[in-house]
Structures are given as structure tokens and as C-alpha cells.
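Proteins come first, then strands; the chains are lettered A, B, ... in the order of their sequence lines, and each starts at number 1. Predicted model, so just to flag it, every value in this text is computed and none were measured.
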2 protein chains.
Amino acid sequence: MSKSQLTLTPVETAACCSPLLREPLSWAQAEQVMPLIKALADPVRLRLVSIVAASEGGEACVCDLNDAFDLSQPTISHHLKVLHEAGLLDRTKRGVWVYYAVRREVLADVAALLGGGA
Amino acid sequence: MSKSQLTLTPVETAACCSPLLREPLSWAQAEQVMPLIKALADPVRLRLVSIVAASEGGEACVCDLNDAFDLSQPTISHHLKVLHEAGLLDRTKRGVWVYYAVRREVLADVAALLGGGA
DNA sequence: CGCGTACATCGATGAGTGTCAATATTGACC
DNA sequence: GGTCAATATTGACACTCATCGATGTACGCG
């Protein structure tokens with residue numbers, strides 16, 4: 001239940017310019033992107049995404065991420081869960097370690113929706 | 001005090017590809033964009049931006065915006081204030097009416113930070 | 001001046017959420 | 001099996017925030 005709830009890709013991204021700027025967003029459309037934008041609307045989570053994306057191989061294990069913040073381990077774990085459930089982060093378990101990777105397509109979709117072409 | 005607190009334009013947007021995806025965002029950088037992303041992290045506000053942008057002349061008066069939602073007038077006024085103070089909406093008073101317009105450059109900056117090139 | 005309309009501000013309230021300490025789960029290793 | 005390290009989950013608390021009704025301000029008009 002964490003595959004992808006991104007149904008905005010087919011229509012929105014296909015539109016030539018800027019979806020959000022050309023025609024009024026419906027309530028349903030707005031509700032659909034909210035999990036993504038809300039997930040990014042936190043300094044810790046935004047940095048988590050950035051750190052993970054900029055890591056070697058595009059993935060990072062939780063242990064490394066914990067060290068990057070002055071926050072407790074459960075807090076980081078919670079933020080990663082939010083990002084994962086929003087569909088922004090992929091989760092892979094290797095041995096005792098868990099690696100997260102950024103779904104760049106999803107992030108690109110959000111960006112396209114906001115600023116699109118213009 | 002509502003000109004532009006967007007100092008991420010000079011450096012970030014100038015970078016070739018995707019700012020957030022190439023190198024780890026600093027805490028200061030993350031804190032700087034947060035007002036913008038947080039402002040967009042609400043279905044009502046996201047739709048407000050969209051409706052305003054898609055309106056004739058790129059602006060809309062509050063009276064029109066009020067009719068577009070099943071919310072009280074103070075609530076809409078509050079959301080518009082948030083968007084305005086975040087720097088996303090311009091505010092112009094003409095007679096008794098107040099018109100809001102989207103600062104597309106600001107929105108484009110946020111989009112560029114997120115999805116950038118890749 | 002007085003009245004009505006358009007919009008903003010204030011105060012209160014209920015829902016949501018970021019954070020932590022404590023505890024549970026999972027896997028590696030001896 | 002027992003123990004330790006890496007993550008996740010739980011429960012609680014403080015704080016933020018979306019929303020409303022009531023009230024305030026500003027402007028146009030007769």
C-alpha cells in the first residue's frame with residue numbers, strides 16, 4: 001500500500017505548460033497532491049530528501065541520516081516514514097540496515113505541477 | 001516588508017540541474033524555503049493560487065475567491081494573508097476591492113528547487 | 001453625515017503534528 | 001540460545017494551525 005497514489009502524472013504533466021497556473025485546480029486534484037507537498041513542508045524532511053538524493057548511489061541508510069541531525073532516532077524514523085508513505089522515498093532493507101532512495105519522478109511531478117513551464 | 005525573502009534565486013537557480021537533488025540542503029536553506037512550501041501545503045491555499053493565476057489578467061478580487069469555497073470570509077482572508085506574507089501573492093487595492101495576483105517567478109523558484117532539471 | 005458593502009483583525013476552539021523517552025522488533029554474530 | 005546493534009512503534013506532551021463568529025476598518029454613495 002505504498003506503490004504510488006500519483007494519478008496526476010498522466011494528465012497534468014502531459015499538459016504543455018503550467019497545470020496549476022493555467023486552469024483552476026479542482027478540490028480533488030488539490031487533495032491528491034497534498035500528501036506530497038505536506039511531506040515536503042518540513043525543514044527536516046526537505047533536508048532528508050536532499051541528503052538522500054545527494055548521497056552515493058542515490059540512497060542512504062538511516063544510521064547516516066541520524067547523524068546529520070540533532071534529533072532523536074525515533075524522530076528521524078518518523079519523518080522517513082512520512083516521506084515513504086507519501087511516495088517520495090523508496091525503502092530497501094539490506095541486512096540490519098535500511099536504505100532510502102528518492103523517487104525523482106514523483107518529485108519532478110510536484111515541481112512540474114507548481115512551476116511547470118512558465 | 002513583503003518584497004521578497006527569496007535569496008535562493010541567485011545561487012540555486014543558477015546551478016545547472018536540480019539544487020535539492022545534487023547537494024545536501026543546509027539547514028539555513030531549508031528554513032528559507034519553508035514559508036513558501038508551507039504556504040502551499042494546504043488544499044485551500046493551493047487552489048487559491050491556482051484560481052488567481054488562472055483568472056483574467058492573472059488577478060482576482062477577494063469577493064470572487066470567497067464564492068469559490070464553502071468557507072467563511074475570514075478564513076479565506078486568512079489564507080490570502082498567509083500566501084501574501086510568504087511572497088506568493090501580490091496585493092492591490094482598487095476602490096473597495098482587493099485584488100491578488102500570483103508572483104510566478106517565486107512559484108517557479110520553488111519548482112526549480114524541487115524538481116529543477118532532472 | 002449615515003448607511004451599506006468589501007475586506008481585515010481578534011479571540012476561541014478543536015484538530016493536527018513534531019518531538020521525545022520507553023519499548024518492541026529484526027537481524028547478525030558468537 | 002543469548003546478546004548487541006539498527007530501526008520501528010507506542011504513548012504522551014507541547015505547540016501549531018485551520019476554522020469560525022464577532023467585531024473593526026475603509027471606502028463609496030445618497
Check: For B/I76 and D/dG21, what is the distance between atoms CD1 and P respectively, to the nearest whole Å?
Finding: 13 Å
Next item on the list: May I have the distance from A/W97 (atom CH2) to D/dC4 (atom P), rounded to whole angstrom?
Entry: 17 Å
Check: Counting N and O atoms only, with roles assigned by atom type, does the side chain of B/R104 sit under 3.5 Å from a partner on the main chain of A/G115, one being a donor and the other an acceptor?
Finding: no
Next item on the list: Output yes when at least one side-chain N/O atom of B/K93 is less than 4.0 Å from OP1 or OP2 of C/dC7, else no.
Entry: no
Item checked: Set of residues satisfying side chain to side chain donor-acceptor pair (under 3.5 Å) with respect to B/R45, sequence neighbours excluded -> B/H79
Checklist line | Cluster link A/L80 to A/V82, ILVMFWY, side chain under 4.5 Å | finding: no
Next item on the list: Might you point out which heavy atoms bring A/P24 and B/I51 nearest each other, and give the distance in Å?
Entry: CB-CG1, 4.0 Å
Next item on the list: Determine yes or no for a side-chain-to-main-chain donor-acceptor pair under 3.5 angstrom, with B/S26 supplying the side chain and B/Q29 the backbone.
Entry: yes
Notebook entry, point to check: Which listed nucleotide (D/dA18, C/dA28, C/dA8) is nearest to the side chain of B/H79?
Noted result: D/dA18
Note to self: Less than 4.5 Å apart, side chain to side chain, heavy atoms only: is that true for A/L89 and A/V49?
What the structure shows: yes
Check: Taking a hydrophobic cluster as the set of Ile, Leu, Val, Met, Phe, Trp and Tyr residues connected by side-chain heavy atoms closer than 4.5 Å, whether directly or through intermediates, do B/L48 and B/V110 fall within one such cluster?
Finding: yes
Check: What is the distance from atom CG of A/L65 to atom CZ of A/R47, rounded to the nearest 0.5 Å?
Finding: 10.5 Å
Next item on the list: May I ask you to say what B/Y99 touches in the nucleic acid, namely base, sugar-phosphate or nothing, with a heavy-atom cut-off under 4.0 Å?
Entry: nothing
Next item on the list: Looking at every strand, decide which applies to A/H78 at a 4.0 Å heavy-atom threshold: base, sugar-phosphate, or nothing.
Entry: base
Next item on the list: Would you kindly give the CG-to-C1' distance between B/D64 and C/dC7, to the nearest whole Å?
Entry: 13 Å
Next item on the list: Check each residue of residues 68-75 of chain A for a non-hydrogen atom within less than 4.0 Å of any atom in DNA chain D, then write out the ones that pass by number, or none.
Entry: A/Q73, A/P74
Check: What is the nucleic acid contact for A/R45, judged by heavy atoms within less than 4.0 Å: base, sugar-phosphate only, or nothing?
Finding: sugar-phosphate
Next item on the list: Could you tell me whether B/D42 contacts a base, only the sugar-phosphate backbone, or nothing, with contacts defined as non-hydrogen atoms closer than 4.0 Å?
Entry: sugar-phosphate
Margin query: Output the rounded distance in Å from CD (B/E85) to P (D/dA18).
Written below: 13 Å
Next item on the list: Round to the nearest Å and state the distance from A/R94 atom CZ to D/dA5 atom C1'.
Entry: 18 Å
Notebook entry, point to check: Could you give the NZ-to-P distance, from B/K81 to D/dT25, as a whole number of Å?
Noted result: 15 Å
Note to self: So, OP1 or OP2 of D/dA8: does either fall under 4.0 Å of a side-chain N or O from A/R91?
What the structure shows: yes
Next item on the list: Write down the distance between CG (A/L46) and C1' (C/dG18), rounded to a whole number of angstrom.
Entry: 16 Å
Check: So, A/S50 side chain and B/L21 main chain: donor-acceptor pair closer than 3.5 Å or not?
Finding: no
Note to self: Using a 4.0 Å cut-off on heavy atoms, which residues in residues 51-63 of chain B reach DNA chain D? List them by number, or say none.
What the structure shows: none
Notebook entry, point to check: Which nucleotide in the set D/dA5, D/dT9, D/dC17 lies at the smallest distance from any side-chain heavy atom of B/K38?
Noted result: D/dC17
Item checked: Whole-Å distance separating the CE atom of A/M34 from the C1' atom of D/dC17 -> 13 Å
Margin query: Show the nearest heavy-atom pair for residues B/L114 and A/A111, with the distance to one decimal.
Written below: CB-CB, 4.1 Å
